[in-house]
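Just so it is clear, the structure is predicted and the values come from calculations on it, not from any experiment. In what follows, every chain begins at residue 1, and chains take the letters A, B, ... in the order their sequences are listed. Worth knowing before you read on, the calculation uses all heavy atoms, side chains too, and leaves out hydrogens, waters and symmetry mates.
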Amino acid sequence: MNYWLIKSEPEMCSYADLEQSPKQTTYWDGVRNYQARNTLRDLMKKGDRCFFYHSNAEPSGIAGICEVVKEGYPDWTAFEKGHEHFDEKSDPDNPTWFMVDVKAVRPMPRLITLAELKSVKGLEKMVLLQKGSRLSVQPVTAKEWAIVCKHAGVAP
DNA sequence: GCCAACGTTGGC
DNA sequence: GCCAACGTTGGC
């Protein structure tokens with residue numbers, strides 16, 4: 001099983017919003033970065049676990065854990081004229097962008113803030129904490145996953 | 001709102 | 001292929 005961290009602006013879709021979605025599941029769309037696209041399309045597998053991270057938030061941090069329930073498929077929001085994520089260059093017959101479906105697993109007992117994560121031993125190499133890291137889907141090592149869960153007091 | 005870091009675009 | 005200009009992300 002692989003571990004990931006996915007970012008979402010809580011104004012758009014918070015962890016609570018995910019929990020309140022039908023079947024606690026939603027599609028995670030709007031990624032318009034090639035590296036992140038490759039991860040979504042090729043690497044994320046059913047059953048993989050993800051930290052659900054609130055970005056651009058007050059404060060930012062990990063809000064919960066979710067699970068990949070549908071592997072990479074074309075991000076149809078790129079095909080819809082007028083949609084916020086419309087991209088005229090993405091051809092439905094040869095899509096540029098992909099997305100996955102994720103399902104809520106469990107919330108963190110409290111938000112694990114970015115500032116807090118920076119001070120946790122063993123997370124120094126975590127992609128999220130690297131300077132200038134802007135990737136909206138990033139790999140998390142099994143070790144980092146365990147450390148964060150232990151720190152937060154939740155089952156991995 | 002500011003700004004650093006990064007990705008993309010496009011002229012050459 | 002280089003690189004300046006521009007747009008976006010996201011912490012603060």
Side-chain angles (χ1 to χ4, degrees), chain A residues 2-21 26-44 48-68 71-102 104-105 107-141 143-145 147-154:
Chain A
N2 298 309
Y3 300 101
W4 310 97
L5 179 145
I6 67 176
K7 294 181 183 174
S8 180
E9 304 198 7
E11 300 275 303
M12 300 290 296
C13 179
S14 68
Y15 190 78
D17 294 333
L18 173 63
E19 285 180 313
Q20 279 152 33
S21 304
T26 191
Y27 52 89
W28 195 67
D29 70 309
V31 170
R32 299 291 180 265
N33 166 285
Y34 286 102
Q35 196 180 342
R37 184 282 308 272
N38 293 344
T39 303
L40 289 168
R41 185 188 58 189
D42 306 329
L43 302 178
M44 293 179 93
D48 285 357
R49 293 288 167 102
C50 317
F51 287 134
F52 193 96
Y53 179 85
H54 285 175
S55 63
N56 259 323
E58 283 290 323
S60 297
I62 298 173
I65 292 175
C66 59
E67 178 181 351
V68 177
E71 293 177 12
Y73 61 103
D75 182 342
W76 51 264
T77 66
F79 310 140
E80 306 235 318
K81 251 203 173 112
H83 192 286
E84 191 183 355
H85 297 144
F86 174 66
D87 178 4
E88 60 178 359
K89 282 176 285 188
S90 186
D91 173 3
D93 293 327
N94 184 20
T96 309
W97 307 117
F98 286 73
M99 60 183 172
V100 298
D101 286 359
V102 293
V105 172
M108 290 302 183
R110 60 192 171 78
L111 187 81
I112 311 301
T113 66
L114 178 63
E116 192 178 341
L117 288 168
K118 284 177 179 167
S119 69
V120 176
K121 271 234 161 71
L123 300 183
E124 295 82 4
K125 298 260 175 66
M126 202 173 171
V127 177
L128 179 73
L129 303 183
Q130 303 314 302
K131 195 172 178 184
S133 166
R134 301 189 323 186
L135 264 185
S136 49
V137 204
Q138 13 178 295
V140 173
T141 67
K143 229 177 205 171
E144 289 160 353
W145 184 271
I147 291 173
V148 172
C149 288
K150 189 177 177 201
H151 177 82
V154 295

**Q** Over how many whole Å does the gap from A:Asn56 atom CG to B:dC3 atom C1' extend?
**A** 14 Å
**Q** Expressed in angstrom and rounded to an integer, what is the separation of A:Gln35 atom CD from B:dT8 atom C1'?
**A** 14 Å
**Q** Below 4.0 angstrom from OP1 or OP2 of C:dG10, is there any side-chain N or O of A:Lys7?
**A** yes
**Q** Just the rounded figure in Å: distance from P of C:dT8 to CE of A:Met12.
**A** 15 Å
**Q** Quick check: A:Tyr34 with A:Trp97 (ring centres under 6.0 Å apart)?
**A** yes
**Q** Does A:Arg134 have any salt bridge (charged side-chain N to carboxylate O under 4.0 Å, His left out) partners at least two apart in sequence or in another chain, and if so, which?
**A** none
**Q** From the list C:dG11, B:dT8, B:dT9, which nucleotide is the closest neighbour of the side chain of A:Tyr34?
**A** B:dT8
**Q** Return the residues of residues 111-132 of chain A meeting this criterion: a heavy atom under 4.0 Å from some atom of DNA chain B. Order them by number, or give none.
**A** A:Lys131, A:Gly132
**Q** In whole angstrom, give the distance that lies between atom CG of A:Leu135 and atom P of C:dT8.
**A** 18 Å
**Q** Quickly, which of A:Tyr73, A:Tyr27, A:Trp28 forms a side chain to side chain donor-acceptor pair (under 3.5 Å) with A:Asp101? Name it, please.
**A** A:Tyr73
**Q** Write down the distance between CD (A:Glu58) and P (B:dG1), rounded to a whole number of angstrom.
**A** 14 Å
**Q** Does anything in residues 73-99 of chain A form a salt bridge (charged side-chain N to carboxylate O under 4.0 Å, His left out)? List the pairs, not counting sequence neighbours.
**A** A:Arg32-A:Asp75
**Q** Give me the distances for all protein-to-nucleotides 4-7 of chain C N/O pairs that come in under 3.5 Å?
**A**
none

**Q** For a side-chain contact (heavy atoms from CB on, under 4.5 Å) check, start with the C-alpha distance between A:Met126 and A:Val120, then their side-chain angles and the critical distance, and finish with the verdict.
**A** CA-CA 11 Å; A:Met126 202 173 171; A:Val120 176; over 6 Å; no
**Q** Can you sort out the partners of A:Gln130 under side-chain hydrogen bond (donor to acceptor under 3.5 Å, both in side chains), two or more places apart, ordered by chain and number?
**A** none
**Q** Which residues pass the salt bridge (charged side-chain N to carboxylate O under 4.0 Å, His left out) test with A:Glu116, not counting sequence neighbours?
**A** A:Arg110
**Q** Can you label the angle between the A:His83 ring and the A:His85 ring as parallel, tilted or perpendicular, going by 30° and 60°?
**A** tilted
